[in-house]
Amino acid sequence: MTLTPAPRGVIAPGHVFLDDRGDIAQLHGVGIQYLDDRYYAWGEDKTRGNTFAGVACYSSPDLATWTFHGHALEVDPQIPDLGPDRVIERPKVLRNPDGRYVMFLHVESTDYSYARVGWAVADRPEGPFTYLRSERPLGNISRDIGVFADDDGTGYLLSEDRENGLHVYRLSADYLAVEEIVATTLTPPSDHPAGPHGYESPAMVKTGGLYYLFGSELSGWATNDNQYATAPTPAGPWSDWRDFAPPGSATFDSQISTVVPVARDGREAFVFVGDRWIPEKLGDSAPVWLPMHIGDGDAEVLWREEWTLADLFEHVR
Ligand code: GAL
């Protein structure tokens with residue numbers, strides 16, 4: 001397959017970003033935070049395929065121009081969870097109330113039976129992050145994860161637990177431990193062979209006093225119609241799940257990874273950040289990042305061939 005990268009400074013969904021070295025930015029399963037004056041991104045380095053090659057860190061002023069800062073978390077054969085035979089997915093970072101950076105990871109074995117959440121900490125967004133440990137939160141299987149920090153600093157871990165559902169866990173004050181499940185959501189009863197289950201690849205935002213929870217159906221690297229639900233608090237009650245992209249478009253052939261809030265002149269808009277996986281060449285998987293309208297209980301992602309962060313507010317309602 002011939003890859004056509006996005007033009008520099010432009011977000012072109014379905015086209016990879018080249019970083020400042022001219023390499024494909026490894027922004028897969030990415031977590032993104034706006035810190036001080038730029039966006040930091042922590043992505044799965046998939047250049048070696050599905051096994052662990054490090055968590056790549058980048059920064060950008062515009063979500064399109066990416067500077068590589070090296071691996072924020074390195075492969076470490078001395079630490080079993082970080083060995084080159086491991087699978088490490090969906091690195092998500094929060095700055096805790098003490099100002100430390102806490103990285104959450106889906107730590108796996110290649111057969112996906114390990115199913116744990118891992119923690120690492122650093123004093124700078126670029127790392128190096130020090131790995132702490134992994135666990136099954138409150139004894140539960142934990143596959144795809146997301147994180148959310150509320151306005152009052154309360155942190156939450158979102159974690160997919162197969163037929164038991166998608167859990168919203170409240171974190172300890174320093175974000176280094178899981179305290180309790182505040183909500184669990186399930187897909188509607190369906191004829192899906194798995195029966196009711198939790199959506200995966202979860203992401204949460206809050207706007208207008210309402211919480212929005214996003215996730216994808218369980219179809220591995222294949223894409224599906226991703227869904228969202230709303231609630232007045234992270235503890236719920238959560239609404240029914242519904243589409244935020246045209247039904248049948250498989251979320252414009254992508255899987256949600258996170259949603260980035262952008263505030264300007266008292267207005268708020270959002271960026272949908274998704275992956276279009278190429279299972280046989282995961283490192284070349286293209287970002288599908290799009291303007292997103294979220295408000296008054298509605299969420300809608302809008303297809304654009306090319307766009308820039310500067311014109312985000314021209315695309316949304
Ligand atoms: C997806 C998941 C990805 C990866 C993949 C492996 O369901 O969202 O992060 O784990 O399965 O097949």
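Everything quoted here is computed from the prediction, not taken from an experiment. When a ligand or atom number is given, it counts from 1 through the structure's own listing order.
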Consider ligand 1: state whether an atom of it lies below 4.0 angstrom from any non-hydrogen atom of W277. no
Among all protein heavy atoms, pick out the one at the shortest distance from [atom]; state its residue, atom name and that distance to 0.1 Å.
atom                    : result
atom 2 (C) of ligand 1  : D144 OD2, 3.4 Å
atom 3 (C) of ligand 1  : R90 NH2, 3.7 Å
atom 7 (O) of ligand 1  : E200 OE2, 2.4 Å
atom 10 (O) of ligand 1 : E89 OE1, 2.7 Å

For ligand 1, which atoms, with element, lie under 4.0 Å from some heavy atom of Q255? 8 (O)
In terms of atom number and element, which parts of ligand 1 are under 4.0 angstrom from non-hydrogen atoms of G220? 1 (C), 7 (O), 11 (O), 12 (O)
Does anything in residues 258-269 form a side-chain hydrogen bond (donor to acceptor under 3.5 Å, both in side chains)? List the pairs, not counting sequence neighbours. T207-E268
Is the shortest N/O to N/O distance between S219 and ligand 1 below 3.5 Å? no
When the ring centroid of F17 is compared with that of W289, is the distance short of 6.0 Å? yes
SB check E108 R143 (cutoff 4.0 Å): yes
So does R304 pair up with E306, basic N to acidic O under 4.0 Å? no
Which residues satisfy the ring pair (Phe, Tyr, Trp, His ring centres under 6.0 Å) test with F68, sequence neighbours excluded? Y58
Determine the minimum heavy-atom distance between G49 and L282, stating which atoms define it. C-CD1, 4.0 Å
